[in-house]
Amino acid sequence: MPQLLPFHIPVVTPLARVRIELPDRFGFSTPITIYINHINYGNHLDNSALLSLVSEARVRFFRSLGYSELDVEGRGIIVADAAIQYRSEAFHGEVLVFEMTAGDFNKYGCDLVYRVSEQGSGREVARGKTGIMFFDYAARKPASVPSAFSERFPP
């Protein structure tokens with residue numbers, strides 16, 4: 001019978017990491033202050049709060065283009081997926097700058113790519129992308145990307 005060692009060495013499989021490539025430039029930016037309710041027990045920005053702040057930035061992004069999330073050239077949007085790559089901590093009272101643009105268009109949607117940086121230092125806090133799908137809320141079905149929207153973001 002083989003002799004057992006008094007400890008077990010686990011086999012570690014490397015995890016796939018999220019990698020987000022940023023565009024050369026963003027056409028939109030907005031500052032958002034971190035409030036105390038955005039802070040977690042680690043005394044830094046909570047990951048769920050960051051996603052909420054990205055949602056606020058997305059609303060502002062569409063507003064800057066003259067749209068709302070329910071009316072982009074007569075179509076609404078639905079968030080299909082989201083990916084975030086955290087780069088550094090952020091803290092209560094800091095002002096974060098959210099830069100955003102649209103890209104990687106397909107028949108029904110696109111990605112909204114963003115970078116989040118601390119305003120004073122320029123320190124990158126996070127980068128990410130949110131996949132959106134255009135949606136006809138009256139018919140309750142996907143809708144094609146409005147050409148007037150996609151044409152604002154040449155490849």
Side-chain angles (χ1 to χ4, degrees), residues 13-119 123-155:
T13 304
L15 297 174
R17 306 302 309 164
V18 171
R19 300 247 187 254
I20 297 168
E21 299 298 322
L22 298 178
D24 293 333
R25 66 179 189 82
F26 294 90
F28 169 81
S29 72
T30 188
I32 302 176
T33 301
I34 299 175
Y35 296 130
I36 195 65
N37 62 319
H38 298 134
I39 301 301
N40 66 15
Y41 61 87
N43 204 31
H44 57 227
L45 179 63
D46 187 82
N47 62 44
S48 64
L50 178 60
L51 194 55
S52 178
L53 294 173
V54 168
S55 294
E56 174 64 25
R58 186 181 64 245
V59 168
R60 294 179 186 187
F61 170 74
F62 280 108
R63 188 180 311 140
S64 77
L65 298 169
Y67 302 128
S68 74
E69 291 187 317
L70 291 175
D71 186 6
V72 179
E73 303 293 335
R75 297 172 185 117
I77 66 159
I78 291 178
V79 171
D81 55 43
I84 299 174
Q85 185 181 3
Y86 298 95
R87 309 290 282 192
S88 68
E89 295 179 289
F91 303 97
H92 175 251
E94 289 184 326
V95 177
L96 300 181
V97 176
F98 291 75
E99 299 170 278
M100 188 172 286
T101 192
D104 196 18
F105 285 87
N106 60 54
K107 182 178 179 178
Y108 294 108
C110 64
D111 284 338
L112 299 179
V113 181
Y114 59 88
R115 175 175 45 211
V116 182
S117 304
E118 195 277 322
Q119 187 175 52
R123 177 185 80 249
E124 186 176 2
V125 172
R127 58 178 60 185
K129 62 183 181 176
T130 301
I132 61 167
M133 180 178 72
F134 287 87
F135 197 74
D136 179 337
Y137 278 93
R140 308 300 300 171
K141 65 179 189 175
S144 61
V145 174
S147 59
F149 177 77
S150 62
E151 289 167 0
R152 291 176 157 213
F153 307 95

Less than 4.5 Å apart, side chain to side chain, heavy atoms only: is that true for Glu99 and Leu22? no
Residues Pro142 and Tyr108: closest non-hydrogen pair is CB-CD2, 3.9 Å
Handout entry: Aromatic ring pairing Phe135/Tyr137, orientation class (parallel under 30°, perpendicular over 60°, tilted between)
Key = perpendicular
Taking every heavy atom of Tyr67 against every heavy atom of Val72, the minimum-distance pair comes out as CD2-CA, 3.7 Å
If we only count heavy atoms from C-beta on, is the Leu51 to Asn47 side-chain gap below 4.5 Å? no
| Are Phe98 and Val54 side-chain neighbours, meaning at least one heavy-atom pair lies under 4.5 Å? | yes
| query | Should Arg115 and Glu124 count as an ion pair when the cut-off is N to O under 4.0 Å? | reply | no
Tightest non-hydrogen contact, residues Val97 and Ser29, listed as CG1-CB, 4.0 Å
d(Arg63 CZ, Glu69 CD) to nearest 0.5 Å is 10.0 Å
Inset, instruction - Taking the side chain as every heavy atom from C-beta outward, state whether Phe28 and Leu65 have any pair of such atoms under 4.5 Å apart. - result: no
Do the side chains of Ile84 and Val116 get nearer than 4.5 Å, heavy atoms only? no
Non-hydrogen side-chain atoms of Cys110 and Val145 separated by less than 4.5 Å: no
field: Test: Arg123 and Glu94 ion pair at under 4.0 Å
entry: yes
Heavy-atom closest pair (His44 atom, Phe91 atom, distance to 0.1 Å) is CB-CE2, 3.8 Å
* Asked: Parallel under 30°, tilted from 30 to 60°, perpendicular over 60°: which one fits the rings of Phe61 and Phe153?
  -> tilted
So OG1 of Thr130 and OH of Tyr114: to nearest 0.5 Å the spacing works out to 5.0 Å
